[in-house]
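So you know, we letter chains A, B, ... as the sequences are listed, proteins then strands, and number each from 1.
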Protein chains: 2
Amino acid sequence: MFQALADPSRRIMVERLSRGPASVSELAKPFAMSLPAVVQHLQVLEASGLIRSEKIGRVRTCHIEWAALQTAEEWMLERRKTWEHRLDRLGDFLADQEKG
Amino acid sequence: MFQALADPSRRIMVERLSRGPASVSELAKPFAMSLPAVVQHLQVLEASGLIRSEKIGRVRTCHIEWAALQTAEEWMLERRKTWEHRLDRLGDFLADQEKG
DNA sequence: TTGTTGGTTAAGCATATGCTTAAGTATTTC
DNA sequence: GAAATACTTAAGCATATGCTTAACCAACAA
């Protein structure tokens, strides 16, 4: 999932999709690359769970799967919590030093 | 930066460092890979701004650069805000439909 | 001063990644 | 039904990535 977000083009696609669903060719517009390349990126995003897509007629529509993005956000949060907890303990230690 | 977090080994290193600073060999312990491999990972992390390190005597100590992790977290947040804003507008639209 | 520890440099290698072109296949639209 | 649209499949290719081994260097420690 972090892997999927590692590529700048894919992040742009996610940004676009956070503004609402879009078709493959719509997503391809801002890029100079070929359509198959775009589709490959979308496959990576879909495999990672970050987006979902369904095909109606001949157009495939993609949309964000919010839950997945939340997972990544939670990982960050978890790191920060640990970090802050550590700083708290350090603060307690320093306060104890002062007292004692 | 997302690129740096894309690798599982590097994420484990960041997790370890969120619990406090550590030396290179300390960070290497949980891994089966060679020391140069670990150092290469640390170089990627440092280049991305996620960690910093300084060498004292012969031991290099690494610690998290919190600001960078925050940047990634903010990106996620930004996506969610856009998404929620979109849902709000959709809600307004539906409410208007109901009234009209 | 000799060895050990902690890390660094350099070279090489296998696989993964991001892209391309060329040739399909369904669906509309005219 | 012919042409255009919206992808899809397949093959190939250049570069990046993650790792290895082998040698090296600096700082302690015995």
K.L.:
Between A/Trp83 and A/Arg86, is there a cation-pi geometry (under 6.0 Å to ring centre, at most 45° from the normal)?
P.N.:
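Here A/Arg86 passes the 6.0 Å and 45° test against A/Trp83.
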
K.L.:
Would you mind reading off the distance between B/Met13 atom CE and D/dG18 atom C1', rounded to a whole angstrom?
P.N.:
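Whole-Å distance recorded here is 11 Å.
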
K.L.:
Are A/Ser53 and A/Arg60 linked by a side-chain donor-acceptor pair shorter than 3.5 Å?
P.N.:
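Side-chain D/A pair, A/Ser53 to A/Arg60: present.
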
K.L.:
Whole angstroms only, please: what is the CG-C1' distance between B/Leu5 and D/dT17?
P.N.:
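Distance, rounded to whole Å: 16 Å.
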
K.L.:
Kindly say if B/Lys55 contacts the phosphate of D/dA26, meaning a side-chain N or O under 4.0 Å from OP1 or OP2.
P.N.:
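Looking at the OP1 and OP2 atoms of D/dA26, neither is under 4.0 Å from any side-chain N or O of B/Lys55.
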
K.L.:
So which nucleotide from D/dG18, C/dG18, D/dT20 ends up closest to the side chain of A/His41?
P.N.:
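Selected nucleotide (nearest to the side chain): C/dG18.
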
K.L.:
Verify side-chain contact (heavy atoms from CB on, under 4.5 Å) between A/Gln70 and B/Met76, making sure each step is shown before the conclusion.
P.N.:
CA-CA 8 Å; A/Gln70 209 162 17; B/Met76 308 278 190; over 6 Å; no

K.L.:
Could you encode protein contacts along nucleotides 21-26 of chain C as a string, one character per nucleotide from 5' to 3', using B for base contact, S for sugar-phosphate-only contact and - for no contact, with a heavy-atom cut-off of under 4.0 Å?
P.N.:
BB----

K.L.:
Under 4.0 Å between any heavy atoms, over every strand shown, what does A/Gln3 touch: base, sugar-phosphate, or nothing? Just pick one.
P.N.:
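Sugar-phosphate, backbone atoms only, no base.
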
K.L.:
Does D/dA6 have its OP1 or OP2 closer than 4.0 Å to a side-chain nitrogen or oxygen of A/Ser23?
P.N.:
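No, no such contact exists.
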
K.L.:
As a test of reading the structure: which of D/dG18, D/dT8, C/dT20 is closest to the side chain of A/Met33, going by heavy atoms?
P.N.:
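Nucleotide nearest to A/Met33's side chain: C/dT20.
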
K.L.:
Between P on D/dC28 and CD1 on B/Ile56, what's the gap in Å once rounded to a whole number?
P.N.:
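Rounded to whole Å, this separation is 10 Å.
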
K.L.:
Between B/Leu42 (CG) and C/dT8 (P), how many Å, whole number?
P.N.:
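In whole Å, C/dT8 P and B/Leu42 CG are 9 Å from each other.
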
